[in-house]
Amino acid sequence: MIVIKLGGSVITDKSSYRTFRKSVVSRLCREIKESGKDVIVVHGAGSFGHILAKENRLNDGFKDEKQIDAVARVCYDTRELSSMVVECLIEAGIPAISVPTGSCFYMEDRKLKIDDDYIIKSMLGKGIMPVMFGDVVQDKKLGFAICSGDQIVEILSDRLDAERVIFVSDIDGLYTSDPKSDPDSKLIPTVDKDTLNKIDTRTSVDDVTGGVREKMVTMLRMCNSKRDCILVNGTVQGRLLSLLKGEEVPCTRAKSE
Ligand code: IP8
């Protein structure tokens with residue numbers, strides 16, 4: 001099983017509220033289908049989640065009544081986004097069902113809990129892809145909190161014993177500095193804890209669940225001798241497909257100790 005996270009930066013325009021990149025998502029879904037691999041997709045929230053979540057400090061948990069409208073709005077927006085992603089999967093010939101994280105599961109102090117994975121495994125057993133996504137989730141300690149798609153990826157990879165995890169983003173991988181502002185920055189093909197500590201991974205885009213550094217830390221935590229963890233650019237046509245086919249592509253791989 002391969003777990004693929006379609007990042008918010010690739011499926012939406014993160015700087016513009018509720019802007020879905022339909023043609024990019026359709027192409028990525030076709031690439032997944034064409035690879036013939038056993039894949040489960042998780043997606044981020046992008047501009048369908050982060051803008052309002054940040055404005056209303058939803059990741060701080062319940063602080064005042066004024067946040068409640070925003071909780072409902074963000075849940076509405078992320079569900080709409082997920083329906084659009086699932087539509088692209090179905091159009092590509094992949095039967096998929098959106099499984100809203102905040103409607104099916106809960107959190108405890110910002111940690112996602114999936115006590116019962118029957119829904120997920122039952123769909124998979126029937127050849128249906130359950131699609132989970134970054135969402136506002138009810139939290140037993142904080143009232144509610146933001147669950148990032150990365151957290152979901154981490155849990156699913158363990159539960160489904162994934163041999164590979166691919167984070168699809170809008171950059172080729174991890175760079176020595178921000179490639180959007182520094183023309184001399186270089187792609188790092190393999191990253192370990194030491195390399196990560198030495199580089200500058202600040203990003204300019206607002207993100208309530210962390211940027212590239214957080215992603216790398218997650219990737220390093222998830223990879224092991226049996227599980228590969230890779231960050232790849234999904235905005236380049238055919239790159240995900242090549243990676244899935246086992247070809248060499250520009251990307252960053254997390255290296256286990
Ligand atoms: O885009 C964040 O999920 P992510 C979810 O995977 C919300 O970090 C609602 C901001």
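A quick note: this is a predicted structure, and the numbers were derived from the prediction, not measured. Counting starts at 1 for both ligands and their atoms, following the listed order.
- In terms of polar-atom proximity, defined here as any N/O pair under 3.5 Å, Ile146 makes no such contact with ligand 1.
- Of the N and O atoms on the side chains of Tyr175 and Asp182, not one donor lies less than 3.5 Å from an acceptor on the other residue.
- Atoms of ligand 1 found under 4.0 Å from any heavy atom of Gly149, numbered from 1 in the order shown, are 3 (O), 4 (P), 6 (O).
- Close approach of ligand 1 to Gly134 (heavy-atom distance below 4.0 Å) involves ligand atoms 3 (O), 5 (C).
- Applying the 6.0 Å contact sphere to CD of Glu247 captures more than 12 heavy atoms from other residues, nucleotides or ligands.
- Below 4.0 Å from some heavy atom of Gly44 lie the following atoms of ligand 1, by number and element: 1 (O), 4 (P), 6 (O).
- Ligand 1 has no N or O atom lying under 3.5 Å from any N or O atom of Asp135, backbone or side chain.
- Remark: Ser185 engages no residue in a side-chain hydrogen bond (donor to acceptor under 3.5 Å, both in side chains) (not counting sequence neighbours).
- When side chains are defined from C-beta on, Pro130 counts as touching Leu124, because their heavy atoms get closer than 4.5 Å.
- Polar contact check, His50 against ligand 1: a nitrogen or oxygen pair lies under 3.5 Å apart.
- With 3.5 Å as the limit, one finds no donor-acceptor pair spanning the side chains of Thr101 and Asp135.
- Ligand 1 places these atoms under 4.0 Å from at least one heavy atom of Val74: 9 (C).
- Listed by first and then second residue, the ring pair (Phe, Tyr, Trp, His ring centres under 6.0 Å) pairs involving residues 119-162 are His43-Phe133 (not counting sequence neighbours).
- Judged by the 6.0 Å distance and 45° axis criteria, Lys140 is positioned over the aromatic ring of Tyr106.
- Polar contact check, Gly49 against ligand 1: no nitrogen or oxygen pair lies under 3.5 Å apart.
- Using a non-hydrogen distance threshold of 4.0 Å, Gly7 does not register as a contact of ligand 1.
- At least one heavy atom of Lys5 sits closer than 4.0 Å to an atom of ligand 1.
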